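Quick caveat: nothing in here was measured; it's all calculated off a predicted structure.
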Amino acid sequence: MAAPLCVEVQFGGGAELLFDGVKKHQVTLPGQEGPWDIRNLLVWIKKNLLKERPELFIQGESVRPGILVLINDADWELLGELDYQLQDQDSILFISTLHGG
C-alpha cells in the first residue's frame with residue numbers, strides 16, 4: 001500500500017471561484033493500493049474540494065479544455081498528463097484560460 005502524500009493544489013485564472021475562492025490548498029492524500037496519479041487526484045478534488053459547477057472544471061475523467069495544468073511549474077503534457085505519478089510535496093496548479101468577453 002502506498003503511503004499518504006502531501007501535495008499543494010492551486011487554482012488560478014478564475015478556477016478558484018469553483019473552490020470557494022480559495023487559491024491554495026495543502027492536501028494530504030490518503031494511502032491507497034496503487035500510486036496516486038493525476039487521474040486519481042482529479043477524482044479526489046471533485047469529491048473533496050470542488051464546491052460548485054463541476055462541469056466547468058471536469059470533463060470526463062480529465063480537466064475540461066481551457067484548463068492549463070502545471071506540475072512543479074512544468075506543463076503536464078510533458079509529464080504524461082493523467083498518468084503522471086504524484087510525488088510527495090508536488091505542486092499542481094490548475095489555471096483557467098476561459099474568460100468572458
State, yes or no, whether a side-chain contact exists between E8 and D90 at a heavy-atom distance under 4.5 Å.
-> no
Do L29 and V7 pass the side chain to side chain contact (heavy atoms under 4.5 Å, CB included) test, and can you show the C-alpha distance, the side-chain angles, and the key distance before you say yes or no?
-> CA-CA 8 Å; L29 302 170; V7 296; 4.0 Å; yes
Mind checking salt bridge (Lys or Arg N to Asp or Glu O under 4.0 Å) for D83 and listing every partner two or more places apart, or none if nothing turns up?
-> R39
Testing R53, K46, E52, K47 for side chain to side chain contact (heavy atoms under 4.5 Å, CB included) with L50, which one passes?
-> K46
Within one Ile-Leu-Val-Met-Phe-Trp-Tyr cluster: I38 and V27, side-chain cutoff 4.5 Å = yes
For side chain to side chain contact (heavy atoms under 4.5 Å, CB included), just list the numbers for L41 and V43, CA-CA rounded to whole Å, side-chain angles, deciding distance to a tenth of an Å, and then say yes or no.
-> CA-CA 5 Å; L41 177 66; V43 171; over 6 Å; no
Output for pair (L49 CG, D20 CG), nearest 0.5 Å, gives 10.0 Å
Shortest non-hydrogen contact between I67 and T97, atoms and distance = N-OG1, 4.5 Å
Closest heavy-atom contact between A74 and L79?
-> CB-CD1, 4.0 Å
Please list, chain by chain and in numerical order, all residues satisfying side chain to side chain contact (heavy atoms under 4.5 Å, CB included) with P35, sequence neighbours excluded.
-> Q85
For the residue pair H25 and F19, what are the closest heavy atoms and their distance?
-> NE2-CB, 4.1 Å
Might you point out which heavy atoms bring V9 and F94 nearest each other, and give the distance in Å?
-> CG1-CE1, 3.9 Å
Output the distance between atom CD (E16) and atom NZ (K24), rounded to the nearest 0.5 Å.
-> 13.0 Å
Which distance, rounded to the nearest 0.5 Å, do you find between the CG of L18 and the OG of S96?
-> 8.0 Å
Sub-3.5 Å donor-acceptor pair from the side chain of N48 to the main-chain atoms of I45, do we have one?
-> no
Side-chain donor or acceptor of D75 paired with backbone N/O of L78 under 3.5 Å | no
Taking only residues two or more places apart in sequence, or in another chain, which ones meet P30 in a side chain to side chain contact (heavy atoms under 4.5 Å, CB included)?
-> W36, W44
Is there side-chain contact between V69 and I92, with at least one heavy-atom pair below 4.5 Å?
-> yes
List the atom of Q32, the atom of N40, and the distance in Å for their closest heavy-atom pair.
-> NE2-OD1, 3.5 Å
If we only count heavy atoms from C-beta on, is the E61 to L82 side-chain gap below 4.5 Å?
-> yes
Going through the checks in order, is the side chain to side chain contact (heavy atoms under 4.5 Å, CB included) test met by F11 and V22?
-> CA-CA 8 Å; F11 304 96; V22 179; over 6 Å; no
Grab the two heavy atoms, one from P4 and one from T28, that are nearest each other, plus how far apart they are.
-> CB-CG2, 4.1 Å
Sequence neighbours excluded, every pair satisfying ring pair (Phe, Tyr, Trp, His ring centres under 6.0 Å) that has a member inside residues 63-85 | none
With E77 via salt bridge (Lys or Arg N to Asp or Glu O under 4.0 Å) - residues at least two apart | none
Side chain D88, main chain C6, donor-acceptor under 3.5 Å = yes
Separation between CD (E81) and CD1 (I71), nearest 0.5 Å, reads 9.0 Å
Show your working on side chain to side chain contact (heavy atoms under 4.5 Å, CB included) between L42 and I58 and close with a plain yes or no.
-> CA-CA 8 Å; L42 288 173; I58 301 282; 4.2 Å; yes
Counterpart residues, side-chain hydrogen bond (donor to acceptor under 3.5 Å, both in side chains), relative to R64 (two or more places apart) | none
